[in-house]
Amino acid sequence: MSTSISEKLVIEAGRAEQNYWRDLWRYRELLGFLAWRDIKVRYKQAVLGVAWAVLQPAVQTLLLTFVFGKLAKMPDGGVPYPLLVLTGLLPWQLFSSAFSGASNSLVGNSHLISKVYFPRLIVPLSALAVALVDMAILLVLTLPIVAVSGVAPTWRLLLLPLFIVAALVIALGAGLWITALTVKYRDFRFITPFLLQIGLFVTPVGYRTDFLPNWRDLLALNPLTGVVNGFRWCLLGGGMDFYVPGFLVSLAMAVLLLGTGLWYFRQTERQFADVI
Amino acid sequence: MASEPVISVAGLSKRYVIEHESRHDNLRDTLHHTARKLWRRFRWGTGFQKEEFWALRDVSFEVQRGEVVGIIGRNGAGKSTLLKILSRITEPTAGRIELRGRVASLLEVGTGFHPELSGRENIFLNGAILGMSRAEIRRKFDEIVAFAEVEQFLDTPVKHYSSGMYVRLAFAVAAHLEPEILIVDEVLAVGDYAFQRKCLGKMSAVAGQEGRTVLFVSHNLGAVTSLCTRALWLVQGHLRSCGPTAAVVADYVGSQTEQALADYDFRNLGGPDRQAGRLLICGVELNGGAPAAHREPFRTRIHFRVRSKVDGVAFGLGFCSLEGTRLATLDSDLDGQYRAYPAGYEGWIELSVPELPLSPGRYSLDLGARCGSVSSLDYLPACGLIDVQPGPRTPAGAVQIPGGGLRLAGLWTDSRPGQR
């Protein structure tokens, strides 16, 4: 408030976003508030609350264990199959909930966008928070299960945040594309669940890639592959090895996705209020 | 204090492009449209016809620190577009604006209110959305609560609030904004009169004592006259005049000499926001084309179209003086009756009054449709004019005042001292 008296703002066609990144920093409190709102509303509305965040992955773990472990008899490399699936689901849940949250964020907040100014990037960013909280709950429940199964935690656990960030980067990159496209073409709403359905199978959630040498390089093109393998490497200790080239490919894809997502979002952002 | 203007606007224009086949809401339409466009270009070498609509055209003005400026004009004159550009919600097509100071804009009451969250939580959320910092909200929290008079319900989700409480809370947050430049759209149209006065009072106090600048859009010329030092008058996107409020308002009122019509078409009024709404008021037909007369039956048909399913719908018709002061309101939900319509519904709702109580004269009409008691579906302030004629039951020689308000017979009884 004290410094703003002399501040001068110029609005011109094509120039409104000059102070974009500075504004984004300035509006960080709003980002916090929107994230807090989403979390609060989510756990306030649902009667089952936390149970909901747990029930869904539990059922999915059983299903995927049955399909991949029992029916398809995929190799487990000595790790109990449910554990393999659970540690794969953790990043997958994080991604899918962050991605669908970000994808729906602009249209879901259209009343804000047509009435108030703020850097629009805040909306998809704040959508990541709910996903993060859901995953934290799941993680807290997963760790004792892993420990009970006889896998001792190692120093690798400390690297987990790195992979969490990577999952969020991918979710944001893809979410930015979809949410910006949805503003103009509402059809893209239907693409999100479809992509997630495909994603669950092309991401090694229900199987491990180190026993599929023919496929592991192709699968690495899916940036989530590196993340899922990273999660398992962190959580399952010695039972997993880390395929570095694969991870680097995944990382490059993630950065590419975020870069192009940001680019498209910024390109279309200034028309959001006019078309939403 | 520097004499540099706080707001300077030069050559501001905003163009909307309306693709003639309506908006392409889905990919298939766009693909189809693009294919056709290419085909035509291939055959005739020209593009598809796009209609341009200039919401603002070459508007320039300056505002000094501490001024309260009213923006007036008819529907579709570009007032809201101007505020949206100044608030950085949308970009101008051409022109340049310089703003000196922190801007806060209030284009709607309770933007971002979440029904599931409590009053307390919504104060913080709404405050942050309007640009207040967390510390600032905390500092003013008690003041806001006291202003809104909702102490007992602070921890109740706002979905359980009455509409009055909801609006009061939303206003209270907005009234405690402390920007150097405050931009306010026609938000004072809702809320009860006493609270409106309170907010207007707060706004003028803010401008007067603390040297803040306020830009204010209203159809209520009374409020504009009493609050504003200067007024801008927009006509179809152009700045018609700009100067001391009294003079501009007088010109504006004087310009409303056009013929009052028997029916009005509102389909193309307003910007894309309005067209995208759930319910669109397409037109109104007044008294079946016959002149309206004092103390005679009166009926009105409102033509509307429903874009997506709505329930809890209520319609309203308001009669205002030409200065914009509401004199009478007819609401369809006064007897607690709400209506529901499916998507794609198109129809008329007819209002009939057995005896029109308006005294002969000219009135300006407000039309609106609401969903529940707070959320507006479509609102058309000052969208038409109506001339009320003296009827057969109006005594000859009754004084005729333009916009004279209600003139009712009542029951008159004589009595004398000592009599009962």
Side-chain angles (χ1 to χ4, degrees), chain A residues 1-17 19 23 26-34 36-38 40-46 109-120 122 181-191 269-276, chain B residues 2 4 9 12-14 16-17 23-30 84-103 105-108 111-112 114-117 121-122 124-136 157 178-180 185 271-273 276:
Chain A
M1 284 288 293
S2 50
T3 55
S4 49
I5 299 283
S6 54
E7 177 191 324
K8 185 172 125 180
L9 176 77
V10 176
I11 302 174
E12 262 179 335
R15 139 163 202 171
E17 275 115 52
N19 309 321
D23 268 3
R26 189 177 284 177
Y27 279 82
R28 64 191 182 280
E29 278 197 349
L30 180 60
L31 173 64
F33 272 113
L34 290 180
W36 165 81
R37 172 197 70 179
D38 289 347
K40 194 116 192 175
V41 168
R42 180 181 162 104
Y43 287 103
K44 218 172 207 176
Q45 270 175 330
N109 286 289
S110 54
H111 57 291
L112 287 186
I113 286 165
S114 56
K115 296 293 179 194
V116 193
Y117 167 78
F118 51 84
R120 304 313 188 194
I122 279 182
L181 284 165
T182 313
V183 170
K184 207 162 182 193
Y185 311 110
R186 292 292 150 97
D187 301 43
F188 278 89
R189 264 181 309 184
F190 307 118
I191 270 184
E269 183 175 35
R270 62 185 73 148
Q271 302 159 15
F272 285 168
D274 293 340
V275 293
I276 204 161
Chain B
E4 241 183 343
V9 174
L12 192 70
S13 299
K14 172 75 182 179
Y16 286 104
V17 177
R23 275 172 44 203
H24 306 295
D25 282 346
N26 58 54
L27 192 58
R28 206 192 62 186
D29 280 2
T30 306
K84 276 192 170 178
I85 295 174
L86 284 167
S87 329
R88 290 201 282 165
I89 293 166
T90 182
E91 265 201 334
T93 310
R96 182 184 169 92
I97 299 173
E98 286 177 23
L99 297 168
R100 288 180 186 79
R102 201 172 80 139
V103 182
S105 53
L106 185 59
L107 303 192
E108 184 189 56
T111 303
H114 199 290
E116 296 291 336
L117 298 179
E121 291 162 342
N122 270 309
F124 277 93
L125 182 61
N126 188 231
I129 286 169
L130 294 175
M132 284 195 242
S133 72
R134 194 191 302 258
E136 203 181 337
E178 278 181 4
E180 278 105 24
D185 202 351
D273 280 13

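Lettering follows sequence order; numbering is per chain, from 1.
Between His111(A) and Thr111(B) the shortest heavy-atom distance is O-CG2, 4.1 Å. In terms of heavy atoms, Tyr117(A) sits closest to Ser87(B) at CB-O, 3.0 Å. Across Ile89(B) and Ala273(A), no two heavy atoms sit closer than the pair O-CB, 3.3 Å. Nearest heavy-atom pair, Pro92(B) versus Ala13(A), reported as atom, atom and distance to 0.1 Å: O-CB, 3.3 Å. Here the closest non-hydrogen pair linking Ile11(A) and Leu99(B) is CD1-CD1, 3.8 Å.
In this structure, Arg100(B) CZ and Lys8(A) NZ are separated by 5.0 Å, a value rounded to the nearest 0.5 Å. The distance from the CD atom of Glu121(B) to the CZ atom of Phe33(A) is 10.5 Å, given to the nearest 0.5 Å. Considering CD of Glu98(B) and CD of Glu12(A), their distance stands at 8.5 Å, rounded to 0.5 Å. Remark: Lys40(A) NZ to His114(B) NE2 distance equals 12.5 Å, nearest 0.5 Å. Interatomic distance, Lys115(A) NZ to Leu130(B) CG, rounded to the nearest 0.5 Å: 13.0 Å. How far CZ of Arg37(A) is from CG of Leu117(B): 8.0 Å, rounded to the nearest 0.5 Å.
Looking at Leu12(B), neither its backbone nor its side chain comes within 4.5 Å of chain A, counting heavy atoms on both sides. Only the backbone of Ile113(A) has a heavy atom closer than 4.5 Å to any heavy atom of chain B. The contact between Ser133(B) and chain A is made by backbone and side chain atoms together, counting heavy-atom distances below 4.5 Å.
Ion pairing between a basic and an acidic side chain is recognised when a charged N comes within 4.0 Å of a carboxylate O; Asp274(A) and Lys84(B) show no such pairing.
Contact count versus chain B (heavy atoms, under 4.5 Å) is highest, among Leu112(A), Leu34(A), Leu9(A), for Leu9(A).
Considering only residues two or more places apart in sequence or on other chains, Arg26(A) meets the salt bridge (charged side-chain N to carboxylate O under 4.0 Å, His left out) condition with Glu7(A).
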